[in-house]
Amino acid sequence: MEAALRAVNLLAADSLLEGRLAQACGAGRWARLLWRCGAAVWNGLEAGRRPSNHYLADLLGLLWLGAAFGGRGAAARWTAFARDEIPRVLLRQTEPDGGWDEASLPYHGLATEMALAAAVAVPGLLSGAAARRLDAMVAIVCDFTRADGSIVAFGDEDGGRVWPLDRFCAGGRGASLAALAGVVLGRTFAPRPTAFCPRSGWWAARCGGHAAWMEFGGTGMNGWGSHAHNDDLSVCCDWNGGPLLDDPGSHIYTGDPAARNRLPLPE
């Protein structure tokens, strides 16, 4: 995953700088650097028994690197594999309502960003059911974006990003992803008055100056657990553009069950 996202960022930065990054590095050295990233990802695909966001990141890296090398040699295999696999992963690793199966809204945001980044590299990559699923993923991001632009913190928030857009653009994580989706998909996304994701276990409602969110989705990934932790029945609420109620999650999860039950607030 690390090598894949590093390669995507190198290529994106070089594109923004109109090739000057590769020029400064030297053509041969630049190509070798990217090729090593691609080979590392290809030889260490993180599919596993139950793929996670790591596998989608691997595929994203292969897609960008394959495009950078023009589909020549081994890069042609990287491109073909990623093009075939990314739509399947989106359908396999999301619930029918569009929620990422690791049962964490911040990780759902990461998966949505990776899917959008894939669409940047290969326009038209997603069609049919996969395109509709991406639309549902973006809709969830919008529905669960708070007044400050952040995504509701149900589940882990480990800071995972493809591009740290929210750290350089006003509006926060959810708002920046909605803006990216608008550019990539060519349409505007906005939160709905009510959103109910029964398979993912997420509910949202907006009325007047109030917005409320609840989580009831279990551990995710068919009971394997992942990034959801003990977040069932968590509730958050905003009022008139500011936080009214925050559920801070557990003090500790497994290291000390007594402390977990006694201290719901973080230190």
Side-chain angles (χ1 to χ4, degrees), residues 1-2 5 46 48-60 89-117 133-134 136-146 148-167 172-178 180-181 191 195-204 211-237 243 245-254 260 264 266:
M1 179 180 192
E2 181 183 354
L5 293 183
E46 298 167 274
R49 184 177 177 185
R50 184 71 185 179
S52 68
N53 62 88
H54 288 230
Y55 185 48
L56 182 56
D58 293 343
L59 297 172
L60 175 64
V89 164
L90 287 188
L91 293 173
R92 186 171 66 239
Q93 291 191 229
T94 54
E95 301 291 354
D97 55 31
W100 188 249
D101 69 355
E102 293 181 275
S104 161
L105 278 167
Y107 271 82
H108 174 89
L110 173 60
T112 302
E113 184 183 6
M114 288 193 282
L116 291 170
R133 189 61 55 87
L134 177 56
M137 294 171 72
V138 175
I140 287 174
V141 169
C142 292
D143 293 331
F144 290 85
T145 292
R146 306 195 70 169
D148 64 359
S150 64
I151 295 175
V152 176
F154 292 155
D156 274 354
E157 164 58 295
D158 292 345
R161 304 286 191 274
V162 180
W163 302 304
L165 301 177
D166 53 314
R167 297 169 190 169
R173 173 70 164 154
S176 66
L177 282 177
L180 176 62
F196 178 50
C197 305
R199 292 288 295 272
S200 299
W202 297 326
W203 171 88
W213 303 271
M214 175 177 282
E215 195 280 342
F216 56 92
T219 57
M221 297 183 73
N222 295 326
W224 277 53
S226 185
H227 295 290
H229 296 292
N230 300 329
D231 289 331
D232 270 358
L233 303 184
S234 289
V235 176
C236 292
C237 184
L245 177 65
D246 274 320
D247 189 328
S250 294
H251 165 73
I252 190 170
Y253 289 111
T254 59
R260 176 195 65 200

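Values in this document were obtained by computation on a predicted structure and should not be read as measured data. Residue numbers count from 1 along this sequence.
How far OG of S176 is from CG of L165: 5.0 Å, rounded to the nearest 0.5 Å. We find the CG-CD1 distance between D166 and I151 to be 8.5 Å, quoted to the nearest 0.5 Å. The OH atom of Y107 lies 7.5 Å from the CG atom of L110; values are rounded to the nearest 0.5 Å. The CH2 atom of W213 sits 10.5 Å away from atom CG of L245, with the distance rounded to the nearest 0.5 Å. The CG atom of L233 sits 10.0 Å away from the CZ atom of F154 when rounded to the nearest 0.5 Å.
Remark: side-chain polar atoms of E102 are paired, donor with acceptor, to backbone N or O of N53 under 3.5 angstrom. S150 contributes no side-chain N or O that, together with a main-chain N or O of R146, makes up a donor-acceptor pair within less than 3.5 Å. Within the 3.5 Å criterion, the main-chain N or O of P191 finds no donor-acceptor partner in the side chain of D143.
Under the ring pair (Phe, Tyr, Trp, His ring centres under 6.0 Å) criterion, W203 pairs with no residue at all, not counting sequence neighbours. Shown here are the side-chain contact (heavy atoms from CB on, under 4.5 Å) partners of R133, two or more places apart in sequence or in another chain: L91, T94. Partners of D97 according to the side-chain contact (heavy atoms from CB on, under 4.5 Å) rule, which considers only residues two or more places apart in sequence or in another chain, are E95, C197, P198, R199, S200. For L5, the side-chain contact (heavy atoms from CB on, under 4.5 Å) partners are M1, A57, L60, V162, not counting sequence neighbours. By the salt bridge (Lys or Arg N to Asp or Glu O under 4.0 Å) test, E2 pairs with R6, sequence neighbours left out. The side chain to side chain donor-acceptor pair (under 3.5 Å) test applied to E215 returns no partner, not counting sequence neighbours.
Taking a cutoff of 4.0 Å between a charged side-chain nitrogen and a carboxylate oxygen, D148 and R173 do not qualify as a salt bridge. Ion pairing between R92 and D101 fails under the 4.0 Å rule for side-chain N and carboxylate O.
Side-chain contact between M114 and L59: absent, with no pair of heavy atoms (C-beta onward) separated by less than 4.5 Å. You'll find the side chain of L56 reaches within 4.5 Å of the side chain of W100, heavy atoms only. Taking 4.5 Å as the limit, every side-chain heavy atom of V138 sits out of range of all side-chain heavy atoms of L177.
Taking every heavy atom of both residues into account, G174 and T145 meet most closely at CA-OG1, 3.3 Å. Closest of all the heavy-atom pairs between G155 and S104 is C-OG, 3.7 Å. For the pair G98 and A136, the tightest heavy-atom approach, listed with the atom from each and the gap, is CA-CB, 3.9 Å.
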Please determine whether side chain to side chain contact (heavy atoms under 4.5 Å, CB included) holds for the pair L105 and V141, giving the CA-CA distance in whole Å, both sets of side-chain angles, and the decisive distance to 0.1 Å. CA-CA 8 Å; L105 278 167; V141 169; over 6 Å; no
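Ring geometry, H108 versus W202: the interplanar angle exceeds 60°, so the pair is classed perpendicular (tilted spans 30 to 60°).
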